[in-house]
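Comments concern the structure below.
Numbered from 1 within each chain, the chains take letters A, B, ... in sequence-line order.
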Amino acid sequence: MSDIYRPGEIEPAIRRLWEEENAHRAESGDGERFYCLSMFPYPSGKLHMGHMRNYTISDVISRYHRMRGMRVLQPMGWDAFGLPAENAAMANGVPPAKWTRDNIEHMRGQLRQLGFAIDWERELATCDSEYYRWNQWFFLRLLERGIAYKKTGTVNWDPVDQTVLANEQVIDGCGWRTGAPVEKREIPMYYLRITDYADELLESLDDLDGWPERVRTMQANWIGKSEGAEIAFACGEDTIKVFTTRPDTLMGATFMAVAAEHPLAKRAAEDKPELAAFIAECQKGGVSEADIAVQEKKGMDTGLTAVHPLTGDELPVWVANYVLMAYGEGAIMAVPGHDERDFEFANKYGLPIRQVISLPEGREYDDRHWHDDYAAKAGQLVHSGPYDGLEWSKGFDAIVADLEKKGTGRARTQFRLRDWGISRQRYWGCPIPIIHCPDCGDVPVPEADLPVVLPEDLVPDGSGNPLNRHAEFLDTDCPKCGRAARRETDTMDTFVDSSWYFLRYTGPDNDAAMVDERADQWMPVDQYIGGIEHAILHLLYARFWTKLMRDEGLVSVGEPFKRLLTQGMVLAETYYREDASGRKVWFNPADVEVQRDGKGAILSAVLKDDGEPVEPGGIEKMAKSKNNGVDPQALVNTYGADTVRLFSMFAAPPEQSLEWSEAGVEGAWRFLKRLFAGVQAHVAEGALPGRKPEGLEGAASELRTRLHETIAKVGDDMGRRQTFNTAIAAIMEFCNELQRFEPAGEAERVLAQEAWEAVVRLIAPVTPHISEALWRQLGRDGSVFDNGWPRVDEAALERASVTVVVQVNGKVRGRVDVAPGAGQDAVHEAAMADENVARHVEGKTVRKVILVPDKLLNLVVG
RNA sequence: GCCCGGGUGGCGGAACGGUAGACGCAGUGGACUCAAAAUCCACCGCCGGCAACGGCGUGCGAGUUCGAAUCUCGCCCCGGGCACCA
């Protein structure tokens, strides 16, 4: 082997070795298993740094556990259905299927080049009918069980392209391609009753102690369980049913508000053109909650009144754009005195505001200015007739009890979580296996006819789903009556695909069943790694789907992911230009020349191709849609996979988001060169594999202590803390010491060998190629990944003395060396012998002494 | 707007209530070289001081504690999610 580190030679050779030995196949059999999973990528074209980081983390964890003697499964696949393929098709006329499969081909090559220990025999792509047929099969079971059902839902409608838009495609309320104002439209869709599982999804969050607290909090808030009451208000012949979390404020209800889509609003509008116009006005704009939440609160009186169930007062019924049809009952009782949105609305339209809950001592209620404590769950009921003086929660119970007696209300639990709408009016997805028969209605495709295969040669053009114009797909016979019928052309949400792929990895070759007994052998996933952006939707749906499969008897686990590492996003600057129609065209940072001032702010940015300026669009997660993904390929070509892996792990702790910068990759490269050279220099004098050094003294003994401290730290950082950056820093630090060490005599050369062997193994999960090569050079047989993780020699950790920091009034004034475990008096005495410490204590009384054994002594004087 | 994070030298970051700035990048000075690259050595938060050392310093303001980057409250800025981007 050459004396100079040449990754271009080492890396392909080592990968060939692994391939020949089939080193990464996950074996079923004896021994502890470890299922390490990373979120599968959308095949967007090229690998970007976010992928690189995600899969490197996964590989480090996999290889670490493999070295600790476990049977590791690390699979890979492709989240291959979705919108970007249709966008690419519109842009260059390539069928989504071809575009997707070409991308997979390219990205698989990139992944292989990075040396990940992936079991490629289990690879799957969700656009393959062998995969998605099970989506269809399971959907039909859910339909039978009543978990899947049909109802109308609201979508974004582009009136020019006559097509449904994704929220992402609605920009400032207008269609992204046409620029036309978007409208809300009601269409029939299939839904899954995730709300049936709301309680279990919430409760079992408590058991997920391997999940980050913030993810559990986000999911709990998303599910949003609230205890309250359902109250019926009579309104002429009808009743308006509302849900409220604050029945204690019922006496403060001064008006009612219903959503624009509420049946009562529609009815009231029949003979009121101005109300009909207002409701039409509410149909403008997109459906996303973010859009709705920021829009100005508007409303109109319907002219109807509702009867207050306790006082008999007549309350005006309004239509309000801030009341959502999808939440609760699509109607609210407005208590402007104690709800911020109602307060704002009442002030705008001159509706009465009544305080019914007392404020803390000394606070005055001001009905012109909102204060957050108006909404606090605290205080007693006031201006509430018979309920006056009751503490708010007692008032809650009393009012609910009275409503129950009258039969106009009851206590109820409400979830913010809504049922999961899975229908998409798109071509590039899994077909929903339903046939529409003019006589029999919606008929499920018989199991024997599955899969319903998606034709792969269509090219969407932006004007709706091309399946609607594809007779070969569309025209079929009714399975019930045999007469001509049409296939459903909606496809499934891609979150369906990603809700169970981790189960399919355990038995991808089974063409007779969705999953088999191997699922229970590997599940649950021991470690799941993926972007924090999936904290809610994907992870919630995957948990839900797993429970559905459990309840169908297909798997025995109820929670799919034992431990979760949420990777921080890799961010990069975005650059764009607006074209003639005002649409933004995004440019990749690699194609932009940027000048910055001393503080890093952008002074100017021009496109390299034409030298013309581009607009900086801010720093965002690397994504296809903003074209700001940085391809690691150029770096891999220059430095090799190990350097890029090392650098991406060293740059920041995995959970933290990271603004992409290449500065620093040189440091990783230099470290590997030094490591390589250090081992060469050592083995040039002869390798001494597998021996334990005896009788070390002085610097050699100290070095061995440092070695075993490093082994302990790296093990803790990789296993428990998962802070790979600090593990690498500790290895670098020790290497710096090792390189300065000049062994004299055999015992010290044996120590050097022990140290190099340990370093090579400690860094192996991060830089597997160079480690594998150096391990063999050090005279060891077999793969470094089969030879175990270095063991800490507890005896080597013992030191003759420790340094204790001495503080006076919390400020560091000196350091003293004492015997390990020295008591307070002994350390105090030693500290007073320090000139600087003595000076700061002189003439003052020591009032308190605090000792942190072997670390710190604080003398409180005054 | 609502929910969840984050803010530490010129830069990426370390500090797991107990020495703020480990490790690395960039920079500066030096060695080697005809020269360059590579490599090696030294310095490297700000202010004062020849030094010993002292003061200040973790987005801003308050609080808890012997001790706060770390815990609590309020504010500012940045990022993620908000159900059809994945």
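Aromatic ring orientation, A/Y501 versus A/F40: parallel (interplanar angle below 30°, classes split at 30° and 60°). Classification of the A/W420-A/W545 ring pair by plane angle, with boundaries at 30° and 60°, yields perpendicular. Note: A/Y528 and A/F502 have tilted aromatic rings, judged against thresholds of 30 and 60 degrees for the angle between ring planes. Under the 30°/60° scheme for interplanar angles, the aromatic rings of A/H51 and A/Y55 are found to lie parallel.
Remark: the separation of the P atoms in B/G17 and B/G7 is 15 Å, to the nearest Å. Separation of the C1' atoms belonging to B/G29 and B/C34 is 22 Å when rounded to the nearest angstrom. Between B/G79 and B/C73, the two C1' atoms lie 23 Å apart (nearest whole Å). For the C1' atoms, the distance from B/C46 to B/U65 is 28 Å, rounded to whole Å. Look at the C1' atom in both B/C32 and B/A42: the space between them is 15 Å, to the nearest Å. Taking atom C1' in both B/G24 and B/G59, the straight-line distance is 25 Å, to the nearest Å. Taking the C1' atom of each, B/C56 and B/C78 are spaced 27 Å apart, rounded to whole Å. Rounded to a whole angstrom, the distance from the C1' atom of B/U58 to that of B/G21 is 9 Å.
The side chain of A/N809 places no N or O atom within less than 4.0 Å of a non-bridging phosphate oxygen (OP1 or OP2) of B/C66. Close to B/G24, at under 4.0 Å from its OP1 or OP2, lies a side-chain N or O of A/N736. Close to B/G18, at under 4.0 Å from its OP1 or OP2, lies no side-chain N or O of A/K855.
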Determine, step by step, whether A/S463 and A/D161 satisfy the side chain to side chain donor-acceptor pair (under 3.5 Å) criterion, reporting the C-alpha distance in whole Å, the side-chain angles of both residues, the deciding distance to 0.1 Å, and the verdict. CA-CA 5 Å; A/S463 63; A/D161 264 349; over 6 Å; no

Please lay out, stage by stage, how A/Q295 and A/Y322 fare under the test side chain to side chain donor-acceptor pair (under 3.5 Å). CA-CA 8 Å; A/Q295 73 192 3; A/Y322 70 97; over 6 Å; no

Go through it in stages, so that I can follow the logic: the residues are A/F724 and A/F650, the test is ring pair (Phe, Tyr, Trp, His ring centres under 6.0 Å), and I'd like the CA-CA distance, side-chain angles, deciding distance and then a yes or no. CA-CA 7 Å; A/F724 310 109; A/F650 183 58; over 10 Å; no

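Residue A/K297 is classed as having no contact, given no heavy-atom separation below 4.0 Å to the nucleic acid. Using a 4.0 Å heavy-atom cutoff across all strands shown, A/N221 reaches sugar-phosphate atoms only and no base atom. Among the atoms of the strands shown, only primed sugar atoms or phosphate atoms (P, OP1, OP2) are found under 4.0 Å from some heavy atom of A/V860. Among the atoms of the strands shown, only primed sugar atoms or phosphate atoms (P, OP1, OP2) are found under 4.0 Å from some heavy atom of A/T217. Counting non-hydrogen atoms under 4.0 angstrom, A/G664 reaches the backbone sugars and phosphates but no base. Nucleic acid contact for A/V812: sugar-phosphate only, since backbone atoms but no base atoms lie under 4.0 Å from a heavy atom of the residue. Within the 4.0 angstrom heavy-atom criterion, base atoms lie near A/Q807.
In this structure, a donor-acceptor pair under 3.5 Å is absent between the side chains of A/D79 and A/S498.
In RNA chain B, runs of at least 3 consecutive Watson-Crick or G-U pairs, each pair with both distances below 3.5 Å, span B:1-7 with B:76-82, B:10-12 with B:23-25, B:27-31 with B:39-43, B:45-48 with B:53-56, B:59-63 with B:71-75.
The interatomic distance linking A/L857 (CG) with B/U19 (P) rounds to 14 Å, in whole Å. Distance CG (A/L859) to C1' (B/G67): 13 Å, rounded to an integer number of Å. Put simply, CG on A/D372 is 13 Å from C1' on B/G1, counting in whole angstrom units. The CZ atom of A/R847 sits 17 Å away from the C1' atom of B/G67 (whole-angstrom rounding). Remark: C1' of B/C16 and CD of A/E655 are 14 Å apart, rounded to the nearest angstrom. A straight line from CG of A/L856 to C1' of B/G18 spans 5 Å, rounded to a whole angstrom. For the pair A/L672 CG and B/G24 C1', the interatomic distance rounds to 13 Å; values are reported in whole Å. As rounded to whole Å, 14 Å separates atom C1' of B/A22 from atom CD1 of A/I728.
A centroid separation of less than 6.0 Å is found between the aromatic rings of A/W669 and A/Y5. For A/F345 and A/W370, the ring centers are positioned 6.0 Å apart or more.
Where A/P653 and A/I850 meet RNA chain B, the nucleotide closest to each residue was compared, and A/P653 sits on the side nearer the 5' end. Each of A/A729 and A/R720 was matched to the nucleotide of RNA chain B holding its nearest heavy atom; the match closer to the 5' end belongs to A/R720.
Just one residue in the list A/V155, A/V170, A/N167 forms a side-chain contact (heavy atoms from CB on, under 4.5 Å) with A/V287, and that residue is A/N167. Just one residue in the list A/N156, A/T163, A/N87, A/D158 forms a side-chain contact (heavy atoms from CB on, under 4.5 Å) with A/Q169, and that residue is A/N87.
For B/G5, the O4'-C1' to base torsion is more than 90° from 0; the nucleotide is therefore anti.
Each of B/C66, B/A20, B/C23 was ranked by its minimum atom distance to the side chain of A/E733; first place goes to B/C23.
Salt bridge A/E709/A/R706: present, at least one basic N to carboxylate O contact under 4.0 Å. Classification of A/E261 and A/R185 as a salt-bridged pair fails, no side-chain N sitting under 4.0 Å from a carboxylate O.
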In the 5'-to-3' direction, what one-character label does each nucleotide of nucleotides 35-53 of chain B receive under the scheme B = base within less than 4.0 Å of a protein heavy atom, S = sugar-phosphate only, - = no such atom? ---SSS------------S

Return a single string for nucleotides 81-86 of chain B, one symbol per nucleotide in 5' to 3' order, where B is base contact, S is sugar-phosphate-only contact and - is none, cutoff 4.0 angstrom on heavy atoms. SBBBBB

